[in-house]
Q: 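I have a structure I would like to understand better, so I am pasting it below and will then ask my questions one at a time.
Index from 1, following the sequence. These numbers were taken from a predicted model, which means no experiment stands behind them. All values below were derived from every heavy atom in this structure, side-chain atoms included, with hydrogens, water molecules and symmetry-related copies excluded.
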Amino acid sequence: MGLLEHSSGTRLALAGRTLIGRSARCDLHIPDGTVSGEHATLHWRGEAWSIRDLGSRNGTFVDGSRLAPGTAQPLRAGARLGFGTVEGWCLVDDSPPGVVALAADGRRAHGTGDLLALPSSDEPEVVVYADAQGAWWREKGDERAPLDGPVSAGGTSWSIVCPETLHGTATLAGGCRLDTARLVFTVSRDEEHVALEVLHRGMPIQLEAREHLYVLLTLARLRMAESDQPLAEQGWVERDRLLKMLGMGTNALNVAIHRGRRQLGKAGVEGAADIVEVRRGLRRFGVEPDRIRVVAG
């Protein structure tokens with residue numbers, strides 16, 4: 001996601017709109033007398049970041065040049081930014097924004113694109129994500145519901161700031177979507193190593209072998225075993241049965257699912273969170289059997 005870095009080493013991950021100024025309400029708070037209360041904004045415009053001066057008294061600067069008030073200027077990675085007499089800020093990453101959570105106690109949590117675990121990736125008590133159609137959901141335990149306000153996780157309330165427009169990092173023309181891709185699991189004879197290849201329009205995205213892919217493989221096999229059932233009924237497994245099959249606890253299962261989703265998302269697969277579907281007490285693999293293949297490696 002977009003990232004600002006100061007010469008002092010301070011970093012700030014950018015939400016879709018980031019307010020900069022002297023006011024404590026600003027996302028980037030700069031307590032300097034030459035900086036206006038609300039000095040400038042950084043905004044994701046669908047294809048690039050832009051910066052706009054909000055009529056500040058002492059000006060906003062890009063690579064040493066002062067912006068006209070109210071004028072938006074596109075930015076690219078490496079752009080040097082100044083606010084009043086405060087310099088040293090640089091846009092070091094100009095990739096699209098991800099989902100951000102703001103805690104009531106002041107903490108910030110940043111997702112990977114359209115996927116966020118709260119309070120952390122190691123304790124995914126709540127998962128917030130966008131599906132392939134761009135609709136936002138929250139998943140907590142056995143419940144999945146539309147994201148319609150703050151969520152509670154880790155003993156505090158979190159406000160969710162979602163990107164206005166999602167653009168995946170797909171490297172394939174037209175974007176790779178989970179609901180149209182084909183998946184090939186490659187499994188070693190002892191089943192100690194599981195790799196996953198995502199095929200989109202005949203072109204492969206290869207995911208490295210990871211321990212969490214065995215959880216996805218197990219769910220995929222359960223769905224494939226019921227390929228003769230109606231689509232809506234295929235592959236659902238009780239969580240407790242799944243835990244017993246895998247020999248793991250609930251948190252370990254949640255972490256494995258989150259890591260699988262995140263690995264797919266980082267590879268540019270849109271709707272990656274739908275790789276595992278959840279409903280009360282049940283889990284299942286989110287891809288139909290005719291788009292899954294398991295081969296020996």
Q: Could you tell me whether the side chain of T218 and the main chain of Y214 form a donor-acceptor pair under 3.5 Å?
A: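 The answer is yes, because a donor-acceptor pair under 3.5 Å joins these two groups.
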Q: Ion pair present between E143 and K140, side-chain N to carboxylate O less than 4.0 angstrom?
A: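 Salt bridge: no.
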Q: When you measure from the side chain of R291 to the backbone N and O of L178, does any donor-acceptor pair fall under 3.5 Å?
A: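 Pair found, side chain donor or acceptor close to backbone of L178.
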Q: Check whether any side-chain N or O of D240 sits under 3.5 Å from a backbone N or O of L243 as a donor-acceptor pair, and report yes or no.
A: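 Side chain of D240 to backbone of L243: no pair is present.
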Q: If the threshold is 4.0 Å, N to carboxylate O, is there a salt bridge linking E38 and R25?
A: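 Between R25 and E38 there is a salt bridge, with a charged N closer than 4.0 Å to a carboxylate O.
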Q: Is there a donor-acceptor pair closer than 3.5 Å between any side-chain N or O of R52 and the backbone N or O of G70?
A: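 Such a contact is found between R52 side chain and G70 backbone.
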Q: Is it the case that T41 and H43 place a side-chain donor and acceptor less than 3.5 Å from each other?
A: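 Judged by distance alone, the side chains do not pair up.
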Q: Do S188 and D190 have a side chain donor and acceptor closer than 3.5 Å?
A: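 Yes.
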Q: Quick one: sort the F285 and F185 rings into parallel, tilted or perpendicular, breaks at 30° and 60°.
A: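 Tilted: the ring planes of F285 and F185 meet at 30° to 60°.
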Q: How close do H258 and L116 get, counting heavy atoms only, and between which atoms?
A: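 Nearest pair, atom of H258 first, then L116: CE1-C, 4.4 Å.
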Q: Can you give me the closest heavy-atom contact between W49 and S95, atom names plus distance?
A: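 Minimum heavy-atom separation between W49 and S95: NE1-O, 3.0 Å.
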Q: Any donor-acceptor pair under 3.5 Å linking the side chain of E125 with the backbone of G154?
A: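 Between the backbone of G154 and the side chain of E125 there is a qualifying donor-acceptor contact (under 3.5 Å).
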Q: In plain terms, say whether D32 and R22 are close enough for a salt bridge, that is, a side-chain N and a carboxylate O under 4.0 Å apart.
A: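 No, this pair does not count.
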Q: Any sub-3.5 Å donor-acceptor pair from R261's side-chain atoms to V276's backbone N or O?
A: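 Present.
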Q: Looking at every non-hydrogen atom in both residues, tell me the closest pair between V255 and D122 and how far apart they are.
A: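 Scanning both residues completely, I find the closest heavy atoms to be CG2-O, 3.4 Å.
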Q: Work out which heavy atom in N58 is nearest to a heavy atom in R66; give both atom names and the distance.
A: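 So the two residues come closest at C-NH2, 3.6 Å.
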Q: Specify the closest pair of heavy atoms between R284 and G235, including all atoms of both residues, with the distance to one decimal.
A: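 Heavy atoms only, the tightest pair is CB-O, 3.3 Å.
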Q: Less than 4.0 angstrom from a charged side-chain N to a carboxylate O is my criterion; do E5 and R11 meet it?
A: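 Salt bridge present between E5 and R11.
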Q: Distance-only, no hydrogens or angles: does the W236 side chain make a donor-acceptor pair with backbone N or O of A232 under 3.5 Å?
A: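 Judged by distance alone, yes, a pair lies under 3.5 Å.
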Q: If you draw the axis of the six-membered ring of W44, does the NZ or CZ of R17 fall within 45° of it and under 6.0 Å from the ring centre?
A: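 Verdict for W44: no cation-pi partner in R17.
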Q: Among the clusters formed by ILVMFWY side chains lying less than 4.5 Å apart, do V126 and V100 turn up in the same one?
A: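 No, it is not one cluster - the side chains of V126 and V100 are not joined through contacts under 4.5 Å.
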Q: Could you tell me whether the side chains of D63 and S65 share a donor-acceptor contact shorter than 3.5 Å?
A: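 Looking only at side-chain atoms, S65 and D63 do not form any donor-acceptor pair under 3.5 Å.
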Q: Between R221 and E191, is there a salt bridge with N-O shorter than 4.0 Å?
A: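 R221 and E191: salt-bridged.
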Q: Do Y129 and R262 pair up side chain to side chain, a donor and an acceptor below 3.5 Å, judged on atom types alone?
A: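 Side-chain D/A pair, Y129 to R262: absent.
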Q: Give me the atom names and distance for the closest heavy-atom approach of R239 to R283.
A: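 That closest heavy-atom pairing would be CD-NH2, 3.9 Å.
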Q: So does R210 pair up with E208, basic N to acidic O under 4.0 Å?
A: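 Salt bridge: yes.
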Q: Ignoring hydrogens and angles, tell me if any N or O in the side chain of T34 forms a donor-acceptor pair with the backbone of T85 under 3.5 Å.
A: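 Yes, the answer is positive, given that a donor and an acceptor are paired below the 3.5 Å cut-off.
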Q: Check whether the side chains of H39 and T60 place a donor and an acceptor atom closer than 3.5 Å, and report yes or no.
A: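 Per modelled atom types, H39 and T60 side chains form a pair under 3.5 Å.
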Q: So, the side chain of D142 versus the backbone of G281: is there a donor-acceptor pair under 3.5 Å, distance only?
A: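 Pair found, side chain donor or acceptor close to backbone of G281.
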Q: Evaluate whether atom CD of E288 has more than 12 neighbouring non-hydrogen atoms of other residues, nucleotides or ligands under 6.0 angstrom away.
A: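 Enclosed.
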